[in-house]
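Contents: one structure, followed by commentary.
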Amino acid sequence: EVQLQASGGGWVQAGGSLRLSCAASGFIVEDYKIGWFRQAPGKEPEVVSLIVPGDSTTYYADSVKGRFTISSDNAKKTVYLQMVSLKPEDTASYFCAAVDRRKDGGWYFNIYEYDFWGPGTQVTVSS
């Protein structure tokens, strides 16, 4: 059974840091593109950062560029999202998703294009 489990969320003050983890099971992470998404109440999920664990290619949304860093530890089958200089607008439920990298090339920004995703971990940033 394929699974993705996000963890590491919490409450921080603006300017603080958190590191999220996305633990994968039931599939080979190098065969997929992994994305971090977030969803605030009443809003659609939005892409935060993407990675191809097989070659470490990455993508960042403009809103997080320079503040967030995505990485993968393929041996541990875990993708991380290091977040620094957090802002109140980063408050959301963060979750990870996976799509087969053999699909058409390029990045996928719509969560519904992904093959599967897991439950989120809440990040709350207070001002």
Side-chain angles (χ1 to χ4, degrees):
E1 180 185 5
V2 296
Q3 281 191 328
L4 290 169
Q5 181 64 56
S7 62
W11 179 91
V12 295
Q13 290 188 322
S17 302
L18 283 172
R19 188 177 80 154
L20 305 184
S21 298
C22 171
S25 60
F27 66 98
I28 299 172
V29 292
E30 292 94 323
D31 290 341
Y32 286 77
K33 299 176 184 178
I34 308 293
W36 278 103
F37 286 76
R38 64 187 182 188
Q39 186 171 22
K43 294 189 176 181
E44 287 293 310
E46 63 170 347
V47 67
V48 175
S49 184
L50 309 170
I51 189 168
V52 182
D55 62 18
S56 298
T57 308
T58 60
Y59 164 88
Y60 296 94
D62 287 343
S63 59
V64 305
K65 204 171 291 183
R67 299 188 298 122
F68 291 10
T69 303
I70 192 170
S71 62
S72 68
D73 184 331
N74 296 342
K76 294 183 178 180
K77 303 185 72 171
T78 302
V79 173
Y80 302 98
L81 187 69
Q82 178 68 50
M83 307 185 295
V84 301
S85 301
L86 283 162
K87 305 175 181 180
E89 51 263 45
D90 294 319
T91 295
S93 177
Y94 286 69
F95 62 98
C96 46
V99 61
D100 193 325
R101 65 180 295 189
R102 294 170 294 181
K103 287 186 178 179
D104 293 343
W107 298 115
Y108 294 90
F109 303 114
N110 187 328
I111 184 61
Y112 303 107
E113 296 179 293
Y114 282 71
D115 296 326
F116 51 92
W117 54 89
T121 184
Q122 180 66 35
V123 172
T124 302
V125 184
S126 66
S127 57

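Please read these numbers as outputs of a predicted model, since none were measured by experiment. All residue numbers refer to positions in the sequence shown, counting from 1.
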Task: Rounded distance (nearest 0.5 Å) linking atom CD of E46 with atom CG of N110 - done: 12.5 Å

TODO: Give the minimum heavy-atom separation between T58 and Y60, together with the two atoms involved.
DONE: OG1-CE1, 3.8 Å

Task: Path from Y112 to F116 over hydrophobic side-chain contacts below 4.5 Å - done: no

TODO: Measure the spacing between OG of S126 and NZ of K87 and express it to the nearest 0.5 Å.
DONE: 15.5 Å

Task: Y114 side-chain N/O to Y108 backbone N/O, donor-acceptor pair under 3.5 Å - done: yes

Task: R101 and Y32: side chain donor to acceptor below 3.5 Å - done: no

Task: side-chain contact (heavy atoms from CB on, under 4.5 Å), paired with L86, selected from V64, V125, T91 - done: V125

- [ ] Of all the heavy-atom pairs spanning R38 and D90, show the shortest one and how long it is.
- [x] NH1-OD1, 2.9 Å

Task: Atom pair CD1 (I51) and CG (L81), whose distance is rounded to the nearest 0.5 Å - done: 10.0 Å

- [ ] Using modelled atom types only, decide if a donor and an acceptor are shared between the side chain of S49 and the backbone of W36 within a distance under 3.5 Å.
- [x] no

TODO: Search all heavy atoms of K65 against all heavy atoms of D62 and return the closest pair with its distance.
DONE: NZ-OD1, 3.1 Å

Kindly list each side-chain donor-acceptor pair under 3.5 angstrom involving residues 1-28, sequence neighbours excluded, with atom names and distances?
none

Task: Nearest heavy-atom neighbours spanning W117 and I111 - done: CZ3-O, 3.2 Å

Open item on the list: Hydrophobic clustering (ILVMFWY, side-chain heavy atoms < 4.5 Å, transitive) - are L50 and V99 grouped together?
Closed with: yes

TODO: Write down the atom of K103, the atom of E113, and the distance for their closest heavy-atom approach.
DONE: NZ-O, 3.7 Å

- [ ] Check for a donor-acceptor pair, side chain of K33 on one end and backbone N or O of P53 on the other, with a separation under 3.5 Å.
- [x] no

TODO: Please say which of F37, F68, Y59 ends up in a side-chain contact (heavy atoms from CB on, under 4.5 Å) with V48.
DONE: F68

TODO: Work out which heavy atom in T124 is nearest to a heavy atom in Q122; give both atom names and the distance.
DONE: OG1-NE2, 3.5 Å

Task: Atom pair OG/CD1 of S72 and I34 - distance to nearest 0.5 Å - done: 8.5 Å

- [ ] Would you check if the side chain of T78 reaches a backbone N or O of K76 as a donor-acceptor pair within less than 3.5 Å?
- [x] yes

Task: Cationic N near anionic O, under 4.0 Å, D31 to R102 - done: no

TODO: Could you pull out all residues at least two apart from S71 that satisfy side chain to side chain contact (heavy atoms under 4.5 Å, CB included)?
DONE: Y80

Task: CE-OH distance between M83 and Y94, expressed to the nearest 0.5 angstrom - done: 5.5 Å

- [ ] Please tell me if the side chains of I70 and V79 come closer than 4.5 Å, counting only heavy atoms from C-beta onward.
- [x] yes

Open item on the list: So does K77 get a backbone contact from the side chain of N74, meaning a donor-acceptor N/O pair under 3.5 Å?
Closed with: no

